[in-house]
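What follows is one structure encoded as C-alpha cells, with my remarks underneath.
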Amino acid sequence: MISHTHKKRLIEEMLQRNDVTCCTVTHIANANQYFCELEKEGLCKSEWGKLGKSRVKWRFIPLHKVDKAKELYKVAQ
C-alpha cells in the first residue's frame, strides 16, 4: 500500500514539473526504487543529464502515457 502511495506522489510530482530526479525528491526515502517500478510498468521514462556538476537521471512521464498514469493511480490533475 505504501508503494502505491509513493508512486502516486512521484507521478504527481512529475506532472507538476519536468525536472525530477531522485535527489530532488526529498519526501520519499529511496525514491529510486519507486521510479524503477514505474519504468517497469511503462509509465515513466528516464534519460541521463547534468545537475550542476553531478550526473543524474531525469525522470518524466511521456505525453502519450499521462492519461494512463492519471487513471491508474487516481491522480486528479
Do Val56 and Leu38 belong to the same hydrophobic cluster, where Ile, Leu, Val, Met, Phe, Trp and Tyr are linked whenever their side-chain heavy atoms lie under 4.5 Å apart, directly or via other members?
-> no
Cluster link Leu10 to Leu15, ILVMFWY, side chain under 4.5 Å = yes
Measuring only between side-chain heavy atoms, which start at C-beta, is [X] closer than 4.5 Å to [Y]?
X	Y	answer
His27	Glu13	yes
Asn32	Lys57	no
Thr24	Arg17	yes
Lys8	Val75	yes
Leu43	Ile61	no

Asn18-Arg59 side chain donor-acceptor pair, cut-off 3.5 Å | no
Between the side chains of Glu39 and Tyr34, does any donor sit under 3.5 Å from an acceptor?
-> no
Interatomic distance, OH@Tyr73 vs NE2@His4, rounded to 0.5 Å, equals 6.5 Å
Nearest 0.5 Å, what's the NZ-CD distance between Lys65 and Glu41?
-> 10.5 Å
Worked check of side-chain contact (heavy atoms from CB on, under 4.5 Å) between Ile11 and Lys70 | CA-CA 8 Å; Ile11 288 172; Lys70 286 181 181 180; 5.7 Å; no
Identify the heavy atoms of Ile28 and Arg9 that sit nearest to each other, and give their distance.
-> CD1-CB, 4.1 Å
Exercise: identify the closest heavy-atom pair between Met14 and Cys44 | SD-SG, 3.9 Å
Identify which one of Phe35, Phe60, Trp58 satisfies the side chain to side chain contact (heavy atoms under 4.5 Å, CB included) criterion when paired with Val20.
-> Phe35
